[in-house]
Amino acid sequence: MDPMLIGVIAGLIGLSFGTFGVLAFRVSEKQRQLVDIDVDELTLPAGAAEVLAVVGRAFVVVDAVDGVVRASPAAYAYGLVRGHTVVHKQLLDMTAGVRRDGVILEKRLELPRGPLGQGTIIVQVRAAMLGEEYILLLADDRTEITRTEEIRNDFVANVSHELKTPVGAISLLAEALESSADDEEAVRRFAKRMHKESGRLAALVQDIIELSRLQGASVSQQGRPVDINAVITEAVDRSQLPAESKNIQIVVGQRVDGIVFGDQDLLVTALRNLIDNAIRYSPENTQVGIGVRAKDGLIALSVTDQGEGLAPEDQDRVFERFYRVDSARSRHTGGTGLGLSIVKHVASNHGGEVTLWSQPGQGSTFTLRLPEMESEEEHAGINRPAVNEQGASA
């Protein structure tokens, strides 16, 4: 082939590649500019980011196709957002409603906390337009508040039910007493029953007052150093009368130099409830033992009875409000079903715990564990009774 013709063809091919390269560069430049414009368009309205940063709630900002433009760490923690996607259909239904009607929507939703398990989270969600293109979802975690309300409502319902029994019994006994005014033996029998039911009612009301006081107490703000030996002494003293009525001896083990931070009255109430519970379910002419030990920064108070013990299925529930292992037996012994629940609340409020060991036929041991104060500066605030050489309080 003619060398000149070959050169012309090669030149045309080179020109074609050059022209294609220039066109490709220009197209790439146009696309980059379009991308830059899209990125710029994803910016939030002026001041929105600053407001969202201090709003104090979980938030999610979505675009016109419900893609996540921005979300707070709390939104991810609550499981509302995964990657750049809104997880729950209920939230997408809200954004669709806002986009369609242009109004602000607010709902309380119970949503799965994660893809596995039965855990849920209750959130108060508010959806509104943010600028012309975006929709803002604000979520406030209401799980704890909602559950507290449910517990309160359940508590009120249980209290109402429990109060009906002694009140109804007293009413019926009063009618029977009135109709048997001429029968001296019947009057005495009905009066004795009324006295027992009124005592049960008084104990129930007192336990309800204690439990209500516990729920409003702030040990961290109102507490002070407390000598655990003083707690034991006062609790045992308050329990002597019911113990003597059954000829039960309360045996206290060795003292320890233990100081806890908390409310002495509440701690005495908790220990007294454990002692009274042990006395109530122990046979006559037996012993109730109280032991105390300080180890590894904890003070452990143990109360051991010689009762019938508890079956494994009952041990997990004895700390529930109004739970009774044997309702008929509890009516006979005068239990209200609130004593161990009060102990559990006191332990929790003081950063401790209460545990149970029990075997059918071998009795039960309840152990109250509380964190020990170790600092000498903390101990300086305690008021200990002065003791003379004979060991008596001055």
Looking at [X], I'd like to know if its [atom1] atom is crowded, meaning that more than 12 non-hydrogen atoms belonging to other residues, nucleotides or ligands lie closer than 6.0 Å.
X    : atom1 : answer
R189 : CZ    : yes
K192 : NZ    : no
R188 : CZ    : no
D101 : CG    : yes
R293 : CZ    : no

* In this structure, which one of L310, T365, T367 forms a side chain to side chain contact (heavy atoms under 4.5 Å, CB included) with L356? ->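 Going through L310, T365, T367 one by one, the side chain to side chain contact (heavy atoms under 4.5 Å, CB included) with L356 is satisfied by L310 alone.
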Beyond-backbone contact of [X] with [Y], side-chain heavy atoms, under 4.5 angstrom:
X    : Y    : result
E284 : N247 : no
H88  : L80  : yes
V86  : V68  : yes
M94  : V98  : no
I259 : D227 : yes
N273 : T269 : yes
E234 : Q264 : yes
Q362 : W357 : yes

* What's the verdict on side-chain contact (heavy atoms from CB on, under 4.5 Å) for V125 and K107, showing C-alpha distance, side-chain angles and the deciding distance? -> CA-CA 5 Å; V125 182; K107 292 182 180 180; 5.5 Å; no
* To do: Establish whether V303 and L241 are linked, either directly or via other cluster members, by ILVMFWY side-chain heavy-atom contacts under 4.5 Å.
  =>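 No: no chain of side-chain contacts under 4.5 Å links V303 to L241.
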* To do: Answer yes if V60 and V87 sit in the same cluster of Ile, Leu, Val, Met, Phe, Trp and Tyr residues linked by side chain heavy atoms under 4.5 Å apart, and no otherwise.
  =>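 In one cluster: no.
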* To do: Provide the closest heavy-atom pair for A71 versus V81 in the form atom of the first, atom of the second, distance.
  =>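 Closest approach of A71 to V81: CB-CG2, 4.3 Å.
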* Asked: Of all heavy-atom pairs between R57 and A139, which one has the smallest distance, and what is that distance?
  ->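 The answer is CB-O, 3.6 Å.
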* Steps toward side-chain contact (heavy atoms from CB on, under 4.5 Å) verdict (F366, N277) -> CA-CA 10 Å; F366 289 86; N277 190 72; 3.8 Å; yes
* Asked: Does a side-chain N-to-carboxylate-O contact under 4.0 Å join R280 and D276?
  ->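 No salt bridge links R280 with D276.
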* To do: Apply side-chain contact (heavy atoms from CB on, under 4.5 Å) to V354 and V346, showing your working.
  => CA-CA 9 Å; V354 58; V346 172; over 6 Å; no
* To do: Please lay out, stage by stage, how L111 and Q90 fare under the test side-chain contact (heavy atoms from CB on, under 4.5 Å).
  => CA-CA 9 Å; L111 305 172; Q90 297 95 316; 3.7 Å; yes
